[in-house]
Amino acid sequence: MSTSDSPLVICLGSVVADHTFKVDEIPQAPAKARARGYELKIGGMAANAAIAVRRLGGRAAYWGRLGDDGNADILIDGLTTEGIELGGMKRIPGGRSAVAAVLVDPLGERVTLGYRGEGLDPDPSWLPLDTLDKAGALLCDPRWPEGAQAALEAAEQRGIPTVLDGERSETRLLLDLVPRVRYAIFSVTGLTNYGSGARAPEALRKAVSEGVTQMAAVTRGEKSTLWILRGEERIRETPIFRVTASDTTGAGDVFHGAFALAMAEGMEMEAAIRFSSAAGALRARDGATAHRAELEAFLQENAAIAE
Ligand SMILES: Nc1ncnc2c1ncn2[C@@H]1O[C@H](COP(=O)(O)OP(=O)(O)OP(=O)(O)O)[C@@H](O)[C@H]1O
Ligand SMILES: [Mg+2]
C-alpha cells in the first residue's frame, strides 16, 4: 500500500484501450474467425508504467491525452480504480482515443493492430507542471513528444530524476528526447532507431555522451540488460530472472515504471535494474503486474541468481 509519504512518479505518454481477443489461430485474410474470449485492457507504455508504480507502493500520476469517446470513459474508469492521479490527463473535445486490436493465440503468440487516435491536440500548455514540485521522478514515453519536452524541461529545472522509455519510434524523436533525460532505457528496436542501426554498445555510448543523460540501458526480453554509465567505456550487464512466460506484453512498460519508482526511492543503479527486471519477469510470467510484497519475496528467493 502506498501512503502519503510514498514518492509520486509522474508517467507521461500513451494510454491505449487494448481490445484483446483470444483466438485458436491468428487468421490469414480473407477470413472470418470466431474469438474464444474477449477482454478490454489498459495498455500504452506510460499508463502501464503508472499502474506498476502504484502496485509497487508509489503514488502515480498519468499525464496524457484522451478523446471524448467511449474508450476514454473506460480507460479513465480503469485508471481511477487503480488509484492513479489524473490531474494531468485531458479529454480533448472531438478527439479519438488510441485503441488497439490484439489477437492472442493459445501459445501467447500475438498480432497487434494499433491506432494512435485522432484530433489529440499536441499543445502541452495546460499541463500542471507545478505538480512536479512534489514529484520524486518523471517517466516519459515517445508518443507525446511535445508533452515530454515541456515536462522534462520543468523536471530538469527542479532536479527531479527523469526516465525515457526509448521504445520504437522515429529516429528524430529519440534524438531529441534522449539528451533531455537522466536515464534512457531502450527496447531493442528503440535503440536501433536511436542509433540508426548502430550496434548496441555504440548506440548506448552515444546516449551517455550528450545532454543530461547519466545512464543508458537496453532491455532485451529474455536476454540480459546492457547498460552504461556516463564517463565509463565499459558496458555492464545485469542478468534477467528466468521464468516461464505466459504473456510478455507490457513487461517493458512495467520495467520502466519500476525503474522510475526505484529512482524516486533513491535506490542504487545496480539494485534498481534488478528490481525492475524482477517486475518485468513477474509480468511476463503472470501476464499481470505484481504488487510490492510479491516482488520483494521473488527478489529474495532469487537473490543468488541476480548477484
Ligand atoms: N520472458 C521473460 N523472462 C524473464 N524476464 C522477462 C521476459 N520478458 C521480459 N522480461 C523482463 O522485462 C524486461 C523488459 O522486457 P522487454 O525487453 O521485452 O521489453 P520491451 O521490448 O520494451 O517490450 P514491451 O514494451 O512490449 O513490454 C526485460 O529486460 C526482462 O528483465
Ligand atoms: Mg517497451
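Along the sequence shown, the residues carry numbers beginning at 1. Both ligands and their constituent atoms are indexed starting at 1 by order of listing. Keep in mind that the numbers below use all heavy atoms, side chains included, and drop hydrogens, waters and symmetry copies.
Of the charged side-chain nitrogens involved, none lies within less than 4.0 Å of a carboxylate oxygen, so that Arg36 and Glu25 do not count as a salt-bridged pair. Between Arg205 and Glu233 a salt bridge is recorded (basic side-chain N to carboxylate O distance below 4.0 Å). With respect to Arg110 and Asp105, no salt bridge is recorded, no charged nitrogen being found less than 4.0 Å from a carboxylate O.
Asp69 and Ser97 are linked by a side-chain donor-acceptor pair at a separation below 3.5 angstrom, with hydrogens and angles left out of the test.
Using bins of under 30°, 30° to 60° and over 60° for the plane-to-plane angle, the ring pair Tyr38/Phe21 lands in the tilted bin.
Every residue two or more places apart in sequence or in another chain was checked for a side-chain hydrogen bond (donor to acceptor under 3.5 Å, both in side chains) with Arg65, and none qualifies.
Of the listed residues (Arg59, Arg55, Arg54), just one forms a salt bridge (charged side-chain N to carboxylate O under 4.0 Å, His left out) with Glu82, and that residue is Arg55.
Distance check, rounded to the nearest 0.5 Å: CE of Met89 to OH of Tyr62 gives 8.0 Å.
Sorted by first and then second residue, the side-chain hydrogen bond (donor to acceptor under 3.5 Å, both in side chains) pairs involving residues 85-95 (not counting sequence neighbours) are Asp73-Arg91.
Near ligand 1, heavy-atom contacts under 4.0 Å come from Glu167, Ser187, Thr219, Arg220, Gly221, Glu222, Thr225, Ile240, Phe241, Val243, Ala245, Thr248, Gly250, Ala251, Gly252, Asp253, Phe255, Ser277, Gly280, Ala281, Ala284.
Near-neighbour remark for the Mg ion (ligand 2): protein N, O or S atoms under 2.8 Å are Glu167 OE2; waters not counted.
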